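To find a chain, count down the sequence lines: A is the first, B the second, and so on, and within it residues start at 1. Atoms considered below: every heavy atom in the structure, side chains included; atoms not considered: hydrogens, waters and symmetry mates. As the structure is a prediction and not an experimental result, all values here were calculated from the model.
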2 protein chains.
Amino acid sequence: MTDPTNIDGAVAEQAAAPDIAALSRAELLRALNRPETGASLVDEIIIKVGTDIIEGRLKPGDDLNSVELSKLFRTSRTPVREALLTLQREGFVEIEAHRRPRVAGLSLSEVQDMYRVRAYLYEMVSHCVVAAASEEDLDRLEEVQARLQQAADCDDVDRYFWTNVEFRNTEAGLAQNTTLVRVLDSLGLRMLRLRHLSLSLPGRLATSVEDHDRLIRAYRDRDAKLAAAFSASLVMRGLRTIERSSWVGIGS
Amino acid sequence: MTDPTNIDGAVAEQAAAPDIAALSRAELLRALNRPETGASLVDEIIIKVGTDIIEGRLKPGDDLNSVELSKLFRTSRTPVREALLTLQREGFVEIEAHRRPRVAGLSLSEVQDMYRVRAYLYEMVSHCVVAAASEEDLDRLEEVQARLQQAADCDDVDRYFWTNVEFRNTEAGLAQNTTLVRVLDSLGLRMLRLRHLSLSLPGRLATSVEDHDRLIRAYRDRDAKLAAAFSASLVMRGLRTIERSSWVGIGS
DNA sequence: CGAGAATGACATGTCGACACTTTCCAGATT
DNA sequence: AATCTGGAAAGTGTCGACATGTCATTCTCG
């Protein structure tokens, strides 16, 4: 582990903590499978609209008028259209022909389905990680875990959230199966809204950190079955939280 | 107000043998999550280019010049661009900024990854089917299976191929988990090229029919474990075929 | 004679404009 | 008063054109 936080809190935090905006931006682009050197115009729009949806500033059913968006971003409608199409493919936006695009809704049963599939897939990830990851790989995972702990200590939900995304993606990367990563990405994107909501509920961060700890220990012990079980239960706990919350699915 | 189109003539067409082109078209659009009533322009391009890639007329590395395509389809570049972006999202096309789009390649290890994930997911499908499908549902599955048998008897690879797609999709539908279906769709699209190749090899159709038979019997017996095993082995048999063939991955 | 720079052709990214579809509102009709 | 109808307003789908970036060839210079 790294040194404890006996230094001045504010300074240590700023030094150890990369910019959230940059982090979220990078994770989003990676998940969208976008080349780093891409045309920034479309990417800007995707990121702005996408994070607005994920973090709840845009709600299901909200209109996404392409003319207005183009005014907002000082571009023509072409890049806006492309961005909306990409967001549609990821399930953030619904587009019907000749109708205004809207922020997509999610029914509760859809949400449950998504979590089940995700849990199932993460069991596979865990099996692969145990089979393929070196000790150094696990060190990398633990480093992310340390930052997770920090964020939890500060009760910084947004930071925790995006670092958590990083953790899960690192884990998936260790599985050495690009297809698995890609599938999880496309699924994960759809779920980002929910995961954000789930982590926003009080007391959730502490238990989440604990779960991650146990998961890493299982990896260290090379116990595939245990790791898979923890991994799946970590996902399903998110679902339980949402089910208990006041979440109501919003019409598809 | 109402219809003058009741000239219902010989609409009782070849119910036994639906048009392959229509079948492939429908399956593709469904997998792409496209509304039925969509703008046909973009869809036409997607279907033409997509099936050309799947059935091997377009090979990895081939250029997909948007100007030339727009001439070919007698449209402007805008719909072509949109179609190519969709195909990119599904892994058929690679687009780098300011470079000509190309038909995407597949390395052997990627192919193996894809089959492994697909096999794993179909185990989940089988579990869900056993849990959720009624006897009538299984009847529907068996009906598709009958058509599969027919196609195999005729040694009609293309028909068998697309009917097989229908079978797998029906099965996934019975799992009653829309997310699972969607994930499988996006993965399945990427694999269509390979599955087509795999089934093209001699002697493959007969064994495939046999496998499907056993799978259905397991469903009838409500034996989830057995069904999952058959389902996975059905997928992996496709991989084995490809590995044994002269397939060489073409540069990513 | 060969390597690097300039140049031109070509393809993509973006733009503003136009036609068509949908939506909404006001006036006419029953 | 409620409903139907007509048409304007708003928004999308498509287009042709321009600007920018990339590639290939040629030209220059060591």
Rounding to an integer number of Å, can you tell me how far [X] [atom1] sits from [N] [atom2]?
X        : N      : atom1 : atom2 : answer
B:Arg100 : D:dT20 : CZ    : C1'   : 17 Å
A:Leu69  : D:dT12 : CG    : P     : 9 Å
B:Glu94  : C:dA11 : CD    : P     : 19 Å
A:Arg99  : D:dG13 : CZ    : P     : 11 Å

Please confirm whether the backbone N or O of A:Leu194 pairs with a side-chain atom of A:Ser198, one donor and one acceptor, at under 3.5 Å?
no
Of A:Thr75 and B:Asn65, whose closest DNA chain C nucleotide lies nearer the 5' terminus?
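Here B:Asn65 is the residue nearer the 5' end.
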Any residue of residues 76-84 of chain B with a heavy atom less than 4.0 Å from an atom of DNA chain C:
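Within this stretch, B:Arg77, B:Arg81 sit under 4.0 Å of the strand.
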Check whether A:Tyr122 forms a cation-pi arrangement with A:Arg168 (NZ or CZ under 6.0 Å from the six-membered ring centre, at most 45° off the ring normal).
yes
Side-chain ion pair, B:Arg240 and B:Glu243, N-O less than 4.0 Å:
yes
Any salt bridge linking A:Glu82 with B:Arg81? Criterion: basic side-chain nitrogen under 4.0 Å from a carboxylate oxygen.
yes
Among C:dT14, D:dT14, C:dT22, which nucleotide sits nearest the side chain of A:Leu41?
C:dT14
What do you reckon, is CD of A:Glu143 surrounded by more than 12 foreign heavy atoms closer than 6.0 Å?
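Yes, the 6.0 Å shell around CD holds more than 12 heavy atoms from other groups.
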